[in-house]
Amino acid sequence: SALSAPTPRNQRMMGALGARRGLEWLLGLYFLFHVPITLLLDLQVVLPRELYPVELTNLLKWYMKEFKDPLLQAPPAWFKSFLFCELVFQLPFFPVAAYAFLRGGRRWIRTPAIIYSVHTMTTLIPILSTFLFDDFSKASAFKGQGPKTFHERLTLISVYAPYFLIPLMLLLFMLRSPYYKYEEKRKK
């Protein structure tokens with residue numbers, strides 16, 4: 001009858017669909033929230049200061065002091081190049097990815113999402129390595145600006161870690177999800 005109990009196969013399919021949609025929502029929100037973070041905070045390092053109201057520059061100064069972030073206090077050229085990539089390549093991708101994941105089921109996002117995730121994780125390796133291993137003494141290039149204790153290093157790493165872990169999750173999702181691995185045959 002039409003009101004019979006769902007079969008175990010149907011329950012698994014509904015569970016997989018629910019898990020996929022939940023992950024798509026998480027990723028969609030990640031990309032949606034990444035837009036203001038990038039525009040209002042990250043890009044202050046590479047864009048002219050005149051573009052930002054004093055409240056935003058003060059917020060960045062508070063963050064740098066509170067978290068002892070040496071890369072934003074005295075940004076090396078390599079870090080500025082990562083922020084330039086964020087401006088030119090990632091920022092235009094964020095609203096596209098937010099749309100694709102919040103709307104759901106947009107298989108065309110697979111390849112751009114893989115490229116984004118690999119690029120982002122690659123940039124996070126030198127950033128996290130700097131926080132873990134660099135010398136932040138007065139004699140270093142950072143002139144004493146940076147975390148002093150292991151706890152301060154871990155706190156700073158915890159700020160950046162989601163920008164490695166979420167792209168890693170995205171990469172695994174795009175590579176392992178049967179839904180996103182399936183490619184529709186194009187009509188000739």
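Hydrogens, waters and symmetry mates are skipped; everything else that's a heavy atom, side chains included, is used.
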- prompt: For F133, which residues count as a side chain to side chain contact (heavy atoms under 4.5 Å, CB included) partner, sequence neighbours excluded?
  reply: S129
message: Heavy-atom count check: over 12 atoms from other residues, nucleotides or ligands less than 6.0 Å from W25 CH2?
response: no
message: Which residues pass the salt bridge (charged side-chain N to carboxylate O under 4.0 Å, His left out) test with E24, not counting sequence neighbours?
response: R20, R21
task: Please list, chain by chain and in numerical order, all residues satisfying ring-ring contact (aromatic ring centres under 6.0 Å, His included) with F84, sequence neighbours excluded.
output: none
message: Within the structure provided, determine whether T130 and F136 are in side-chain contact (heavy-atom separation under 4.5 Å).
response: yes
task: Please confirm whether the backbone N or O of F82 pairs with a side-chain atom of E86, one donor and one acceptor, at under 3.5 Å?
output: no
field: Heavy-atom side-chain proximity of T123 to C85 below 4.5 angstrom
entry: no
- prompt: Quick one: does K68's side chain get under 4.5 Å of L156's, heavy atoms only?
  reply: no
Any side-chain heavy-atom pair of P147 and P70 under 4.5 Å: yes
- request: Enter the distance from L72:CG to K80:NZ here, rounded to the nearest 0.5 Å.
  value: 11.0 Å
message: Minimum heavy-atom separation for D42 and L83, please, with both atom names.
response: O-CD1, 3.7 Å
- prompt: Is it true that a side-chain atom of E66 and a backbone atom of K61 form a donor plus acceptor pair closer than 3.5 Å?
  reply: no
Distance, nearest 0.5 Å, that separates CG of L43 from CD1 of I37: 11.5 Å
query: How about V118 and T122: do any of their side-chain heavy atoms sit closer than 4.5 Å?
result: yes
query: Does the side chain of F173 reach to within under 4.5 Å of the side chain of L27, using non-hydrogen atoms?
result: yes
message: Measuring only between side-chain heavy atoms, which start at C-beta, is V45 closer than 4.5 Å to L71?
response: no
- prompt: Do L124 and I115 share a hydrophobic cluster, counting only Ile, Leu, Val, Met, Phe, Trp and Tyr and linking them when any side-chain heavy atoms are less than 4.5 Å apart?
  reply: no
query: Side chain of Q73, backbone of M64: donor and acceptor closer than 3.5 Å?
result: yes
message: Is the positively charged end of R107 above the ring of Y179, judged by distance under 6.0 angstrom from the centroid and angle within 45° of the axis?
response: yes
- request: Determine whether more than 12 heavy atoms belonging to other residues, nucleotides or ligands lie under 6.0 Å from atom NZ of K65.
  value: no
query: Mind checking whether Y63 and V54 sit in one hydrophobic cluster, side chains of I, L, V, M, F, W, Y counted as touching below 4.5 Å?
result: no
query: Do the side chains of W62 and N58 get nearer than 4.5 Å, heavy atoms only?
result: no
field: Non-neighbouring partners of F79 that pass ring-ring contact (aromatic ring centres under 6.0 Å, His included), sequence neighbours left out
entry: none
- request: Locate the shortest heavy-atom distance separating T120 from Q90; write the atom from each residue and the value.
  value: OG1-NE2, 3.4 Å
May I have the list of side-chain donor-acceptor pairs in residues 157-169 shorter than 3.5 Å, sequence neighbours left out?
unit_1, atom_1, unit_2, atom_2, d
S158, OG, T155, O, 2.5
Y160, OH, D69, OD2, 2.5

task: For the pair E152 (side chain) and K148 (backbone), establish whether a donor and an acceptor sit closer than 3.5 Å, ignoring hydrogens and angles.
output: yes
Scan the side chains in residues 92-104 for donor-acceptor partners under 3.5 Å anywhere in the protein, sequence neighbours excluded, and list what turns up.
none

